[in-house]
Amino acid sequence: MPGRSSLVARLFWTTLLGGGAAFVLGAPAAAATGLCLAALVLHRLDRPRRIRRLIRTLVRQHAPTLALRRRQECFVDAYGNLINDGWVREREYFAERTILPALDAKGFGEDGDVLWDMILASIERAAAAYPLPDAADAPADGIAYERFCAERLREAGWNARATQASGDQGADIVAERAGIRLVVQCKRYGKPVGNGAVQEIAAAMRYWSGDMAAVVSNAGFTPAARKLAAATGVELLHHDDLAALTPVREVGGRKPTRSRARSGVAER
């Protein structure tokens, strides 16, 4: 392995140079060479601990997001089976894009493949252990869930209102903050939300002259929905994300036409 080869090379050159110095300078140089060799060996023996500490630090740093993504991407299907394919992909994505580059930057890159299962297990433990708000707090009824999401937005500083049941053009909530208009579709589902919801809210954002669009769900989102959302600029959120949602105007985004959009907004 590259790490062992590097250690052997360091030991070799330390012994060679230290031996030469000891031949000239005597016992003090020999003692110093011995200490250097011991330090190199101890540093190598401590390598697994340093790798585990780095992995734990990174996983704990992202534990809130990982826990939320785990909740979003795991669900029970109509036959009672736990479906966690999305979470498995998310866990591997985090390991590949966050953990492995950090290991490589610290000189531990060659250990990534050997530690892969341990990395995934660490991510799973941290995500499962992190406390999230009770999912049962979200109402099961669709309209009540929309009001629940609107209240979350109001708590975050948005002026949020549920739209009228008819003529909403795919928008369940229209919210404003700091001159930015957010258009939201809410989905209280027992399975991942598909790309149909993304298509609808992208169209609704244009209808309502919005600056931001989001689909909010208690469940996760299908790969097709994520791909389309990335292409259209639609945010895919869990309702727990709403507390931290801040206004962002997309570059080149259309300016709101307030007179038309306000007219259809009313509390249910």
Side-chain angles (χ1 to χ4, degrees), residues 1-11 14 35-76 81-138 152 156 192 216-223 225-227 229-230 235-246:
M1 292 179 63
R4 289 183 180 175
S5 299
S6 176
L7 175 63
V8 170
R10 290 174 184 175
L11 291 173
T14 300
L35 290 175
C36 289
L37 292 172
L40 288 172
V41 172
L42 290 174
H43 187 263
R44 175 66 191 191
L45 293 175
D46 189 52
R47 181 186 178 93
R49 185 191 65 82
R50 288 182 285 121
I51 292 174
R52 290 194 298 270
R53 183 175 63 184
L54 176 59
I55 293 171
R56 286 196 301 267
T57 298
L58 289 169
V59 170
R60 288 171 181 170
Q61 179 183 344
H62 296 278
T65 302
L66 290 169
L68 186 57
R69 299 293 294 126
R70 182 175 183 269
R71 174 187 284 183
Q72 291 175 324
E73 297 295 350
C74 297
F75 68 97
V76 177
N81 302 308
L82 176 64
I83 306 301
N84 64 351
D85 300 13
W87 167 238
V88 170
R89 288 192 298 269
E90 185 75 16
R91 191 176 57 185
E92 292 177 350
Y93 176 86
F94 176 75
E96 291 173 354
R97 297 300 182 92
T98 303
I99 302 294
L100 295 186
L103 290 176
D104 190 55
K106 294 292 186 179
F108 304 137
E110 68 271 13
D111 296 285
D113 291 340
V114 176
L115 297 172
W116 182 251
D117 290 340
M118 188 270 281
I119 292 170
L120 295 182
S122 296
I123 295 170
E124 181 66 36
R125 283 195 301 271
Y130 188 85
L132 287 174
D134 190 353
D137 291 345
R152 287 291 182 95
V216 178
S217 177
N218 63 301
F221 299 89
T222 65
R226 293 189 179 282
K227 184 175 181 179
E235 297 279 350
L236 301 182
L237 306 173
H238 187 272
H239 53 254
D240 289 338
D241 294 327
L242 296 176
L245 187 63
T246 57

task = Identify, with sequence neighbours excluded, every residue that meets ring pair (Phe, Tyr, Trp, His ring centres under 6.0 Å) alongside His238.
result = none
Distance-minimising heavy-atom pair for Phe221 and Ala225 = CB-CB, 4.2 Å
message = Once salt bridge (charged side-chain N to carboxylate O under 4.0 Å, His left out) is applied, do any residues pair with Glu90, and if so which ones, sequence neighbours excluded?
response = Arg69
Quick one: side chains of residues 56-67, donor-acceptor pairs under 3.5 Å with protein atoms, not counting sequence neighbours, listed by atom name and distance.
| from | atom 1 | to | atom 2 | distance (Å) |
| --- | --- | --- | --- | --- |
| Thr57 | OG1 | Arg53 | O | 2.8 |

Arg152/Asp241 salt bridge by N-O under 4.0 Å criterion = no
Sequence neighbours left out, cut at 3.5 Å: what donor-acceptor pairs do the side chains of residues 92-107 make with other protein atoms?
none

request  = Using side-chain contact (heavy atoms from CB on, under 4.5 Å) as the criterion, list what pairs up with Asp113, not counting sequence neighbours.
outcome  = none
ask   = Does any pair with a residue in residues 118-130 pass side-chain hydrogen bond (donor to acceptor under 3.5 Å, both in side chains), and if so which ones, sequence neighbours excluded?
value = Arg70-Glu124, Trp87-Glu124, Arg91-Glu124, Ser122-Arg125
